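Structure first, commentary second.
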Amino acid sequence: MRKLNSIAIVGASLSGLRAFQALRREGFDGTIILVGAEKHLPYNRPPLSKSMLKGDDEITLPGAEELGERWFKGRHAVRLDTSERWLILDDGSEVRYDGLVIATGARPRRLPDAPEGVYTLRTVEDSMTLRAELAAGPGNVVVIGGGFIGGEVASTARALGLGVTLVDASPSPMRNILGTEAARWLGGHHRDNGVELVSGTRVTGFDGNGRVTAVRLSDGRTLPADLVIAGMGVMPNTDWLEGSGLTVRDGVVCDERLFASGAQDVVAAGDVARWPHSLYGGTLVRIEHWSNANDQGAAAALNLLAGPENAKPFADLPSFATHVHGARIQTAGLTHLADESRIVIGDADEGRFAIAFAKDSTLVGAVAVNAPKDLIRIKRAIVAGDRLDSLA
Ligand SMILES: Cc1cc2nc3c(=O)[nH]c(=O)nc-3n(C[C@H](O)[C@H](O)[C@H](O)COP(=O)(O)OP(=O)(O)OC[C@H]3O[C@@H](n4cnc5c(N)ncnc54)[C@H](O)[C@@H]3O)c2cc1C
């Protein structure tokens with residue numbers, strides 16, 4: 001272990017917490033300065049679009065209580081100087097560090113000029129607000145974006161008995177991740193569960209004097225709307241790194257051991273980090289999944305302690321799960337790299353199947369619908385670098 005007297009962690013959510021715990025577990029006895037923009041202990045975000053909207057407040061993130069009270073809660077880092085090793089917080093305080101973990105995550109994309117009644121969903125406050133709106137029983141709920149947040153919110157709103165229209169720019173929801181076949185199945189699954197799906201169309205604006213009454217679509221149509229939830233993806237929180245000397249391009253660009261390009265003693269983890277994934281020939285990836293933030297926070301912190309010479313590459317297989325109208329949809333690997341895909345288990349018509357994705361005949365990813373055990377086997381094959389034929 002190299003000698004670092006103080007380590008700053010910016011971002012006190014999943015990856016920041018895991019970095020903190022890993023440092024203490026590894027025996028780091030120097031100062032840890034944790035800075036988090038939110039006012040709470042770190043919490044779990046996945047329930048925010050699922051159980052919490054239905055009234056369940058359980059969002060505890062195990063280990064959060066280990067932080068105690070001695071950290072900068074509700075404070076933003078606004079500037080970083082990597083050559084002198086200090087950062088400035090929004091109240092003007094200066095934090096000096098020997099090593100830095102960047103774990104500032106991401107924030108939702110927003111449509112400009114959105115009136116009242118149009119929401120995004122990232123924080124516990126967002127979820128509480130949305131829960132109250134849904135409980136008021138709006139007649140027309142419009143969800144923008146058929147990704148995992150949009151799909152989950154649409155599913156939850158239907159479970160609450162509300163009328164839901166889902167507007168998605170692609171021909172079928174999540175097609176860029178699920179591929180054509182599974183995305184087509186998902187579109188049908190939404191419709192079978194009472195969602196009106198409007199595909200291949202974008203939202204261009206809103207009607208409503210003060211509060212939203214309708215959304216306007218790029219095909220000229222207008223949809224009535226009493227409540228709108230926009231799930232249009234996220235942007236990494238990197239604004240505060242401007243002028244820091246770090247390379248920022250759709251996230252903090254790192255090497256394969258998560259050291260940020262442009263500084264010796266800075267690592268990044270979670271939704272904000274972009275690094276070359278060795279399973280995929282060094283393709284730069286930024287992964288917005290819980291399991292990635294969970295494991296990468298710890299890995300980045302341990303690499304910082306070990307130093308660049310002794311650090312280990314981070315090459316976990318990306319994996320993700322979502323629940324939509326009772327179906328469990330899981331993905332593994334990087335399906336978008338594939339030039340070929342095939343159903344290897346089950347049948348889409350039966351609502352239980354797995355699709356393997358390959359590039360140059362080598363497995364790169366998988367999608368499983370209600371087939372978690374089969375996915376485990378395919379994941380092993382992806383990590384082993386097996387060929388698509390081997391799954392026959
Ligand atoms: C509603 C919802 C549902 C989800 N469901 C799933 C799911 O089912 N499965 C799954 O795999 N993933 C899911 N995710 C994604 C998962 O929660 C994220 O991948 C994970 O939270 C990323 O953790 P993180 O610590 O990297 O970033 P974040 O959780 O975004 O945390 C970053 C923290 O840094 C703080 N911060 C930002 N800028 C600054 C600054 N300048 N100074 C100080 N602090 C700062 C932020 O306020 C935030 O607290 C979901 C996300 C959401 C929002």
Side-chain angles (χ1 to χ4, degrees), residues 6-24 30-49 52-53 57-82 85-110 119-132 149 234-244 246 248 251-252 266-273 288 290 293-294 296-298 300-301:
S6 64
I7 295 180
I9 303 173
V10 182
S13 182
L14 179 58
S15 53
L17 171 66
R18 297 302 182 233
F20 175 93
Q21 290 176 300
L23 291 173
R24 287 296 185 232
T31 309
I32 303 178
I33 309 128
L34 181 61
V35 182
E38 293 186 80
K39 293 199 168 90
H40 332 271
L41 281 176
Y43 55 88
N44 236 348
R45 291 188 203 279
L48 302 183
S49 49
M52 191 161 200
L53 293 180
D57 286 341
E58 180 49 60
I59 53 169
T60 310
L61 197 50
E65 68 290 348
E66 291 172 32
L67 295 181
E69 287 300 314
R70 296 191 55 218
W71 53 288
F72 291 95
K73 228 184 262 182
R75 290 263 80 95
H76 277 84
V78 292
R79 230 186 116 200
L80 171 66
D81 185 323
T82 50
R85 296 203 200 102
W86 50 253
L87 47 101
I88 301 276
L89 310 190
D90 53 1
D91 63 352
S93 27
E94 187 178 303
V95 171
R96 297 200 163 264
Y97 65 82
D98 297 326
L100 172 66
V101 181
I102 297 176
T104 44
R107 63 180 182 280
R109 283 207 181 86
R110 292 171 199 275
Y119 297 97
T120 55
L121 178 51
R122 185 79 192 177
T123 65
V124 62
E125 289 83 2
D126 296 339
S127 185
M128 294 296 276
T129 305
L130 198 49
R131 172 158 111 186
I149 299 233
V234 296
M235 295 155 55
N237 287 321
T238 52
D239 310 19
W240 66 287
L241 299 172
E242 210 180 307
S244 65
L246 299 184
V248 174
V252 177
V266 181
V267 292
D271 284 14
V272 77
E288 298 160 3
W290 192 96
N294 189 63
Q296 206 171 45

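For clarity, every value in this text was computed on a predicted model and none was experimentally measured.
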Sequence neighbours excluded, which residues qualify as side-chain contact (heavy atoms from CB on, under 4.5 Å) partners of Thr104? Val10, Ile102, Asn237, Trp240, Val272
Would you check if the side chain of Asn44 reaches a backbone N or O of Ile59 as a donor-acceptor pair within less than 3.5 Å? no
Under 3.5 Å, is there a donor on one side chain and an acceptor on the other for Asp126 and Thr129? no
If you round to the nearest 0.5 Å, how far is OG of Ser244 from CG of Asp81? 9.0 Å
Looking at Ser6 and Thr31, would you say the former's side chain and the latter's main chain have a donor-acceptor pair under 3.5 Å? no
Taken to the nearest 0.5 Å, the spacing of Leu121 CG from Ile149 CD1 works out to 5.0 Å
Output all residues satisfying salt bridge (charged side-chain N to carboxylate O under 4.0 Å, His left out) with Arg96, sequence neighbours left out; order by chain, then residue number. Glu94
Backbone of Leu100 reached by a side-chain donor or acceptor of Arg85 within 3.5 Å: no
Looking only at heavy atoms, the pair that brings Asp271 and Pro236 closest together is O-CB, 4.5 Å
Given 3.5 Å as the limit, does a donor-acceptor pair link the side chain of Arg131 with the main chain of Met52, or not? yes
Please list all pairs passing the salt bridge (charged side-chain N to carboxylate O under 4.0 Å, His left out) test where one or both residues lie in residues 30-40, with sequence neighbours left out. Glu38-Arg45
Using 0.5 Å steps for rounding, measure from the OG atom of Ser49 to the CG atom of Leu130. 9.5 Å
When rounded to the nearest 0.5 angstrom, what distance separates CZ in Arg107 from OG1 in Thr238? 7.0 Å
What pair of heavy atoms forms the shortest contact from Tyr43 to Leu48, and how long is it? CE1-CD1, 4.0 Å
Least distance between heavy atoms, Leu89 atom then Ala77 atom: CD2-CA, 3.9 Å
Working to the nearest 0.5 Å, report the span between CD1 of Ile33 and OH of Tyr97. 10.5 Å
Between Gln21 and Arg24, is any side-chain donor less than 3.5 angstrom from a side-chain acceptor? no
Separation between CG (Leu241) and CG (Leu80), nearest 0.5 Å, reads 6.0 Å
Any idea which heavy atoms bring Leu41 and Gly68 closest together, and the distance? CD2-O, 4.2 Å
With a 6.0 Å cut-off (strictly less than), is the heavy-atom count around CD of Glu125, excluding the residue itself, greater than 12? yes
Any sub-3.5 Å donor-acceptor pair from Gln296's side-chain atoms to Gly270's backbone N or O? yes
Quick one: are Ser127 and Leu53 in side-chain contact, heavy atoms under 4.5 Å? yes
If you compare all heavy atoms of Leu17 against all heavy atoms of Gly63, which two are closest, and at what distance to 0.1 Å? CD1-O, 3.7 Å
What one should report as the nearest heavy-atom pair of Leu34 and Gly11 is CD1-O, 4.0 Å
